[in-house]
Amino acid sequence: MLSKFGKHKAIIFTGPSGGGKTTLSQYTLSNFEEVERSISVTTRLPREGEVHGVDYHFLSVDDFKKHIEAGDFVEWEQVYEGLYYGTLLSEVERIWEAEKVVLFVVDVIGANSLKKYFGENSIKIFVKTPTMEILEKRLFSRGTETRENVLNRLKKAFHELKEEVNADAVIINDVLSTTQNEVYQLILSYINR
Ligand code: 5GP
């Protein structure tokens, strides 16, 4: 039976912040030209080097709320206190119209919403570090967050790890080159199935 989304496909990378989902999604994007990332909307400030319309659409809370009211989001969420993130339906349409596979990088709640929405047209890949200690080290050494933000993200990670049982695939991000090979095989078989 053909689903309401036909043959369109969606890859959902999820897992705790600092686990490596962004790195692995970038690896996927550079190795599969038929995959394109959906650019999310956020109300957080750009980090150094981040570009509006490339990394995220950086919006004010007021403008974000206008999108909610207009029904523009497939899913949206207050991921951290005061910080909203959302997936635009227009992004999915843009990518699918180009006959490409859409890729999302979202937190675990967003991933649940996307999986519910896209169902069998999607694969949910949960990325995590081998241990919490390694996650802590990676978050601190990344140097992009304040100490308070890192502690917040670690606290959240503790709960997020319980969600891995609901994923279609779990990737343990230990040695990057090995992990990349695993992701390559996974995406290849998903795209060709
Ligand atoms: P960051 O601030 O580090 O870029 O992202 C924080 C968290 O929000 C990450 O787990 C990231 O994957 C998630 N995120 C990014 N975009 C979206 C989105 O559109 N929806 C949801 N629910 N989470 C998102």
For the backbone of D55 and the side chain of R37, can you confirm whether one donor and one acceptor N or O come within less than 3.5 Å of each other?
yes
Test side chain to side chain contact (heavy atoms under 4.5 Å, CB included) on H67 and W76 and set out the steps.
CA-CA 10 Å; H67 277 300; W76 66 269; over 6 Å; no
So F58 and L45, do their side chains get closer than 4.5 Å, heavy atoms only?
no
Of all heavy-atom pairs between L176 and N173, which one has the smallest distance, and what is that distance?
CD1-OD1, 3.9 Å
Report the relative orientation of the aromatic rings in F104 and F118; use parallel for angles under 30°, tilted for 30 to 60°, perpendicular for over 60°.
parallel
Does E91 reach the main-chain N or O of I39 with its side chain, forming a donor-acceptor pair under 3.5 Å?
yes
Check the pair E75, Y117 against side chain to side chain contact (heavy atoms under 4.5 Å, CB included), reporting the backbone distance first and the verdict last.
CA-CA 9 Å; E75 63 81 38; Y117 189 88; over 6 Å; no
Cluster link V106 to V127, ILVMFWY, side chain under 4.5 Å
no
Suppose we call two aromatic rings close when their centres sit under 6.0 Å apart. Are F73 and F64 close by that rule?
yes
Smallest separation among heavy atoms of L29 and V35, with atom names:
CD2-O, 3.5 Å
Keeping the roles fixed (side chain from S38, backbone from V102), state whether a donor-acceptor pair exists under 3.5 Å.
no
Can you measure from CG (L186) to CD1 (I171) and round to the nearest 0.5 angstrom?
5.5 Å
If you measure from the Lys or Arg side-chain nitrogens to the Asp or Glu carboxylate oxygens, is any gap between K115 and D168 under 4.0 Å?
yes
Pairwise distance CD(Q185) to CD(E182) - rounded to 0.5 angstrom
10.0 Å
Derivation of the side chain to side chain contact (heavy atoms under 4.5 Å, CB included) call for L114 and S122
CA-CA 8 Å; L114 291 175; S122 63; over 6 Å; no
Taking the side chain as every heavy atom from C-beta outward, state whether L59 and T42 have any atom pair closer than 4.5 Å.
no
Test item: Y56 and S40 side chains (from C-beta on) under 4.5 Å apart, heavy atoms
yes
Tell me whether L83 is reachable from V61 by hopping between hydrophobic residues (I, L, V, M, F, W, Y) whose side-chain heavy atoms are closer than 4.5 Å.
no
Could you pull out all residues at least two apart from K100 that satisfy salt bridge (Lys or Arg N to Asp or Glu O under 4.0 Å)?
E36
Check: Y84 and K65 side chains under 4.5 Å, non-hydrogen atoms:
yes
If I take atom CG from residue D63 and atom CD1 from residue I68, how far apart are they, to the nearest 0.5 angstrom?
11.5 Å
Distance col, row I95:CD1 vs E34:CD, nearest 0.5 angstrom, shows 13.0 Å
Okay, side chain of K21, backbone of G15: is any donor-acceptor separation there less than 3.5 Å?
yes
Cluster question for you: counting only ILVMFWY and a side-chain heavy-atom cut-off of under 4.5 Å, with indirect links fine, are Y190 and F13 together?
yes
I need the minimum non-hydrogen distance between G82 and T43, along with the two atoms involved.
O-OG1, 3.6 Å
Is there side-chain contact between T179 and T23, with at least one heavy-atom pair below 4.5 Å?
no
Please walk me through it: do K124 and N112 pass side chain to side chain contact (heavy atoms under 4.5 Å, CB included)?
CA-CA 9 Å; K124 183 162 100 175; N112 281 348; 2.6 Å; yes
Can a donor-acceptor pair be found, under 3.5 Å and without considering hydrogens, that links the side chain of K9 to the backbone of I191?
yes
For the pair N121 (side chain) and H8 (backbone), establish whether a donor and an acceptor sit closer than 3.5 Å, ignoring hydrogens and angles.
yes
Without swapping roles, check the side chain of E50 against the backbone of R47 for a donor-acceptor pair under 3.5 Å.
yes
Any donor-acceptor pair under 3.5 Å from N149 side chain to E145 backbone:
no
I'd like to know if I125 and V108 are part of one continuous hydrophobic network [Ile/Leu/Val/Met/Phe/Trp/Tyr, side-chain heavy atoms within less than 4.5 Å].
no
CD of E160 to NZ of K155: how many Å apart, nearest 0.5 Å?
12.5 Å
For V74 against L89, the heavy-atom pair lying closest together
CG2-CA, 3.6 Å
L161 versus M132: any side-chain heavy-atom pair under 4.5 Å?
yes
A side-chain contact here means heavy atoms from C-beta on lying under 4.5 Å apart; do I187 and I11 qualify?
yes
Main chain of H57, side chain of H52: is a donor-acceptor contact present, judged purely on distance under 3.5 Å?
no
Check whether Y80 and I109 end up in the same hydrophobic cluster, where Ile, Leu, Val, Met, Phe, Trp and Tyr are linked by side-chain heavy atoms less than 4.5 Å apart.
no
Note: V165 and K162 closest approach over all heavy atoms is CG2-O, 3.5 Å
Nearest 0.5 angstrom please: L151 CG to T146 OG1, how far?
8.5 Å
Closest non-hydrogen atoms of L135 and G18, given as atom of the first, atom of the second and distance, are CD1-C, 3.5 Å
Within the 4.5 Å heavy-atom criterion, are F140 and R147 side-chain neighbours or not?
yes
